[in-house]
Enquirer: 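This is the structure I want to talk about, given as structure tokens.
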Amino acid sequence: MNASAPGPDGLLRCPWGVTADDYREYHDTEWGRPVHGEDPLFERICLEAFQSGLSWITILRRREGFRAAFAGFRIAEVARFTEQDAARLLADPGIIRNRAKIEAAIANARAAEALSGGLDALVWRFAGDPDRPAPRTPAEVPAVTPESTALAKELKRNGFRFVGPTTAYALMQACGLVNDHLADCHVRRTAG
């Protein structure tokens with residue numbers, strides 16, 4: 001019996017990946033694939049923080065709005081955002097208008113800019129074991145791991161906000177530090 005679900009094309013996917021077209025596209029082309037680079041990882045950290053308490057599809061459908069509002073998530077630019085920029089963001093209907101999350105994104109850009117060795121090196125130090133057995137069911141996919149707890153602690157130690165262990169694990173999944181595609185998911189063999 002398959003734990004994955006067939007999409008409209010008949011391919012098996014993680015069950016969440018067949019619930020909406022947006023999810024299917026994200027599941028098949030992005031989720032679980034390695035992401036490197038300072039600005040791309042900064043974007044993912046910000047989006048995972050904005051997702052906290054919300055459905056991921058809410059963020060996914062506003063991603064272009066976030067990119068426009070946050071200068072393409074270029075760390076050097078977001079780190080220079082002022083109170084006027086924060087006020088502009090609070091009025092922007094294209095993003096999630098949460099003061100604490102907006103302030104965290106700006107603070108996180110400053111923290112990323114100040115990192116010795118860079119954000120990419122910091123995040124990827126916590127990559128999971130590539131030989132870890134593939135989850136067979138959604139129930140086998142953890143929400144938190146020792147690695148995500150350690151990553152969250154290290155990010156916080158370096159001044160990052162809105163980066164708890166659950167958010168850090170979601171980041172790890174999204175950026176390919178772990179491959180949580182189910183064993184029978186068609187993407188499993190090409191991700192990671």
Side-chain angles (χ1 to χ4, degrees), residues 7-8 13-115 119-120 122-123 138 141 143-144 148 151-152 155-156 158-177 180 187:
R13 291 176 175 82
C14 302
W16 65 267
V18 298
T19 59
D21 289 343
D22 294 347
Y23 272 159
R24 188 175 63 250
E25 176 69 19
Y26 177 70
H27 171 273
D28 286 4
T29 63
E30 292 184 60
W31 192 75
R33 297 182 188 273
V35 173
H36 285 281
E38 303 301 295
D39 294 341
L41 284 168
F42 172 66
E43 174 180 343
R44 299 326 190 282
I45 288 171
C46 290
L47 293 178
E48 292 296 345
F50 273 100
Q51 185 272 328
S52 182
L54 302 170
S55 168
W56 178 245
I57 204 159
T58 301
I59 303 304
L60 197 55
R61 289 179 174 163
R62 294 181 183 203
R63 187 162 52 169
E64 291 309 315
F66 275 107
R67 287 174 174 161
F70 282 93
F73 289 102
R74 289 181 295 277
I75 292 169
E77 291 184 44
V78 178
R80 306 290 173 270
F81 277 16
T82 64
E83 281 298 318
Q84 290 79 18
D85 290 303
R88 169 185 57 82
L89 293 167
L90 279 168
D92 189 332
I95 66 168
I96 304 301
R97 295 175 287 182
N98 177 298
R99 180 178 294 281
K101 292 176 181 182
I102 289 169
E103 290 174 354
I106 296 168
N108 290 349
R110 294 172 183 155
E113 197 172 54
L115 281 174
L119 185 59
D120 191 286
L122 185 154
V123 169
V141 178
V144 174
S148 74
L151 173 57
L155 287 168
K156 287 179 182 179
N158 281 283
F160 285 77
R161 302 184 202 167
F162 267 93
V163 288
T166 303
T167 299
Y169 194 68
L171 172 74
M172 292 171 72
Q173 290 174 306
C175 295
L177 279 79
D180 276 344
V187 179

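Only this structure's heavy atoms are used, side chains among them; waters, hydrogens and symmetry mates stay out.
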Enquirer: Taking it one step at a time, do Q173 and V141 satisfy side chain to side chain contact (heavy atoms under 4.5 Å, CB included)?
Expert: CA-CA 10 Å; Q173 290 174 306; V141 178; 3.3 Å; yes
Enquirer: For the residue pair W56 and E48, establish whether any side-chain heavy-atom pair is separated by less than 4.5 Å.
Expert: yes
Enquirer: Spell out, as yes or no, whether a donor-acceptor pair under 3.5 Å connects the side chain of D120 to the backbone of E38.
Expert: no
Enquirer: Please enumerate all residues that pass side-chain contact (heavy atoms from CB on, under 4.5 Å) together with R80, with sequence neighbours excluded.
Expert: E113
Enquirer: Closest approach of A152 and V163, non-hydrogen atoms and distance?
Expert: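 Scanning both residues, the minimum pair turns out to be CB-O, 2.9 Å.
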Enquirer: CG/L155 to CG/L171 distance, rounded to the nearest 0.5 angstrom?
Expert: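 Going from the CG atom of L155 to the CG atom of L171 covers 7.5 Å.
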Enquirer: I'd like to check the ring-ring contact (aromatic ring centres under 6.0 Å, His included) partners of F50; sequence neighbours left out, ordered by chain and number.
Expert: F66, F70
Enquirer: When rounded to the nearest 0.5 angstrom, what distance separates SG in C46 from CG in D39?
Expert: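 So the gap between those two atoms works out to 10.0 Å.
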Enquirer: Could you walk me through whether W31 and W16 pass the ring-ring contact (aromatic ring centres under 6.0 Å, His included) check?
Expert: CA-CA 12 Å; W31 192 75; W16 65 267; 5.0 Å; yes
Enquirer: Are the side chain of R33 and the backbone of G176 linked by a donor-acceptor contact shorter than 3.5 Å?
Expert: no
Enquirer: Where is the tightest heavy-atom contact between F162 and T167, given as atom of each residue plus distance?
Expert: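 Residues F162 and T167, closest heavy atoms: O-CG2, 3.7 Å.
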Enquirer: Atom CZ of residue position R88 - does it have more than 12 heavy atoms of other residues, nucleotides or ligands inside 6.0 Å?
Expert: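 Yes, enclosed.
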Enquirer: Looking at every heavy atom in both R110 and A79, which two are closest together, and how far apart are they?
Expert: NE-O, 2.8 Å
Enquirer: Would you say I95 and R62 make side-chain contact, with heavy atoms under 4.5 Å?
Expert: no
Enquirer: Minimum heavy-atom separation for G7 and R13, please, with both atom names.
Expert: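 Where G7 meets R13 most closely, the heavy atoms are CA-NH1, 3.6 Å.
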Enquirer: Could you give the distance from CZ (R63) to CG (L47), rounded to the nearest 0.5 Å?
Expert: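 Going from the CZ atom of R63 to the CG atom of L47 covers 7.0 Å.
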Enquirer: Closest heavy-atom contact between P40 and V35?
Expert: CB-CG1, 3.8 Å
Enquirer: Should L122 and L41 count as side-chain neighbours, where that means a heavy-atom distance under 4.5 Å?
Expert: no
Enquirer: How many angstroms lie between atom CG of L90 and atom CD1 of I102, to the nearest 0.5 angstrom?
Expert: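 So the CG of L90 and the CD1 of I102 are separated by 4.0 Å.
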Enquirer: Could you tell me if the side chain of L119 sits less than 4.5 Å from the side chain of F160, heavy atoms only?
Expert: yes
Enquirer: Does S148 use its side chain to pair, donor to acceptor, with the backbone of P165 at less than 3.5 Å?
Expert: yes
Enquirer: With distance as the sole test, does R44 use its side chain to make a donor-acceptor pair with the main-chain N or O of M172 at under 3.5 Å?
Expert: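 Not confirmed, R44 side chain does not pair with M172 backbone.
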Enquirer: Give, for atom CD of E43 and atom CD1 of I75, the distance between the pair rounded to the nearest 0.5 Å.
Expert: 11.0 Å
Enquirer: Roughly how far apart are T29 OG1 and E25 CD, rounded to 0.5 Å?
Expert: 4.0 Å
Enquirer: Which pair of heavy atoms, one from R24 and one from P8, lies closest together, and at what distance?
Expert: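 Nearest pair, atom of R24 first, then P8: NH1-CG, 3.3 Å.
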Enquirer: Keeping N108 on the side-chain end and R161 on the backbone end, is there a donor-acceptor pair under 3.5 Å?
Expert: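 Flag set: sc N108 to bb R161 pair under 3.5 Å.
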